[in-house]
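To start, the structure itself, in structure tokens.
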Amino acid sequence: MSSSDSSGSPVTVETSLVTSGRDTSAQKGFVNPPVVRGSTVLYPSAEDLHAHRGEYSYGRHGTPTTKALQQALATLEGPACAGVALAPSGVAAISTSLLAVLKTGDHVLVCDNVYRPTRLFCDGLLQRFGIETSYFDPLIGAGIEALFRPNTRAVFVEAPGSQSLEMPDIPAIAEIAHARGALVIDDNTWATPLYHRSLEQGVDISIQAATKYIGGHSDIMFGTIAANSKAWPLVDDAVRALGVCVGPDDTFLALRGLRTLAVRLAHHQQSGLEMARWLGARPEVQRVLHPALETDPGHAIWKRDFTGASGLFSIVLQPAPQRAVDALLNALQLFGMGYSWGGFESLIIPFDCASYRTATKWHPGGPALRLHIGLENTEDLKADLERGFAAFAAAQ
Ligand SMILES: *Cc1c(COP(=O)(O)O)cnc(C)c1O
């Protein structure tokens, strides 16, 4: 995978993560941009004011800090990216994208495995504004054609879903969506644009909960919205109209995280796969949900459309009472119990999508746990889970 630097020579994506968005001469030699705290931008003359002349006009519309991050993100998203907007959270990036492309009377198709707050936004605020949502089976592929209505304006996918990890066929879905005049929005948080170039797979708007791997240190809330030339004017307009903007400290931390994304994600991928295989061989584990495993139903699509995997996957335990699952969780010392993922630390959380799925049924046949594999030593993580499994057995 390569892009071009300012001199036009091709550089690899790992290198561009280090070099993109840097303007050393504007920063008097310093490598990083300053954390610019700013609302007002002063114009040197009345003529400049009337003509809106100048690189910056107002804090909400951009600062040297936000511009550096946007340039770096645009390079990461690839040549199909026409612009990147910054949002104060992943959910804000999702809601802003949907509001950008939908209007009263429209219909939107949403993948049944999406992040739950995406559903809540569609079934709540969008419905209140007269926009109808229907959900589809993540494995529907080209069968999505039958669900299109004359007013279907957008399709929202998440590949893979961040709990159940089913892998939708984005190119097949996008081909039909475009033939029907609809735009495709992808929550690409799991793989990041480093391992999945959404905008090169038929997606029009590619979203990151940058809270996760872009930030990478569990210390910011952040969202990004990258769009191709067809969708960017709509996104830009919505961002301006809604007043979506981000603070300078979080912007700086997102850019700092981005610089090390390639090394972190490679490590999360490697340790994640090692732990997934180890868990798959445990008698307590019925099934591992991880599209980079050869045995996973989503593996062929993952192999075709993705260049890597992150450290997030799920397991289904053998049937067991809740007290045994709780004993497992309580015995863990390294795996933390908490929402979110994508930071340096390992996490584990039980989940059950049965109550909110509508297009598909979730009945995995045992308690489900989602794991994020952090940057700890994998032997230590295995020892931690062995402690958990011992407590699991003792509590049955
Ligand atoms: C966390 C997450 C979000 C929301 O991001 P926030 O920054 O927490 O608002 C959206 N999509 C996916 C897949 C996520 O995991």
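No hydrogens, no waters, no symmetry mates; every other heavy atom, side chains included, goes into these values. Bear in mind the structure is a predicted one, so any value in this text is a computation, not a measurement. In each ligand, atom 1 is the first atom listed, and ligand 1 is the first ligand listed. Numbering starts at 1 and runs along the sequence shown.
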Original post:
Quick one: which ligand 1 atoms are inside 4.0 Å of a heavy atom on E158?
Top reply: 13 (C)
**OP:** Pick, from T118, D187, L312, the option with the minimum heavy-atom distance to atom 11 (N) of ligand 1.
**Re:** D187
Original post:
For ligand 1, which atoms, with element, lie under 4.0 Å from some heavy atom of W341?
Top reply: 15 (O)
**OP:** Indicate the ring-plane relationship of W190 and F306, choosing parallel, tilted or perpendicular according to the 30° and 60° boundaries.
**Re:** perpendicular
**OP:** Run the numbers for me: atoms of ligand 1, each under 4.0 Å from some heavy atom of A209, listed by number.
**Re:** 2 (C), 3 (C), 4 (C), 5 (O), 10 (C)
Original post:
Hey, is ligand 1 close enough to K212 that some N/O pair sits below 3.5 Å?
Top reply: yes
**OP:** Look at the aromatic rings of W278 and F389 and report parallel, tilted or perpendicular, splitting at 30° and 60°.
**Re:** tilted
Original post:
Contact between W190 and ligand 1, counting heavy atoms under 4.0 Å?
Top reply: no
**OP:** Considering only non-hydrogen protein atoms, determine which one is nearest to atom 3 (C) of ligand 1 and report residue, atom name and distance to 0.1 Å.
**Re:** Y115 CE2, 3.3 Å
**OP:** Please determine if R119 forms a cation-pi arrangement with Y135, meaning its NZ or CZ atom is less than 6.0 Å from the six-membered ring centre and no more than 45° off the ring axis.
**Re:** yes
Original post:
When you check the gap from the basic side-chain N to the acidic O, do R53 and E47 get nearer than 4.0 Å?
Top reply: no
Original post:
Is it true that I207 lies under 4.0 Å from ligand 1, counting heavy atoms only?
Top reply: no
Original post:
Does Q163 offer a backbone N or O that forms a donor-acceptor pair with the side chain of S314 under 3.5 Å?
Top reply: yes
Subject >> Distance filter under 4.0 Å to V91 heavy atoms, resulting ligand 1 atoms >> reply: 4 (C), 5 (O), 6 (P), 9 (O)
Subject >> Heavy-atom donor-acceptor pair, H299 side chain to P291 backbone, under 3.5 Å >> reply: yes
Original post:
Quick one: do D384 and R387 make a salt bridge, cutoff under 4.0 Å?
Top reply: yes
Original post:
For ligand 1, which atoms, with element, lie under 4.0 Å from some heavy atom of I94?
Top reply: 10 (C)
Original post:
Counting only heavy atoms, which portion of T211 has something under 4.0 Å from ligand 1: side chain, backbone, both, or neither?
Top reply: side chain
Original post:
Considering only the protein, which heavy-atom contact is closest to atom 6 (P) of ligand 1, and what is its distance?
Top reply: G90 N, 3.3 Å
Original post:
Salt bridge or not for E294 and K303, using N-O below 4.0 Å?
Top reply: no
Original post:
Does an N or O anywhere in M221 fall below 3.5 Å from an N or O of ligand 1?
Top reply: no
**OP:** Quickly, which of Y213, Y339, F335 forms a ring-ring contact (aromatic ring centres under 6.0 Å, His included) with H372? Name it, please.
**Re:** Y213
**OP:** Identify, by atom number and element, the atoms of ligand 1 in contact range of S89, meaning under 4.0 Å from any of its heavy atoms.
**Re:** 7 (O), 9 (O)
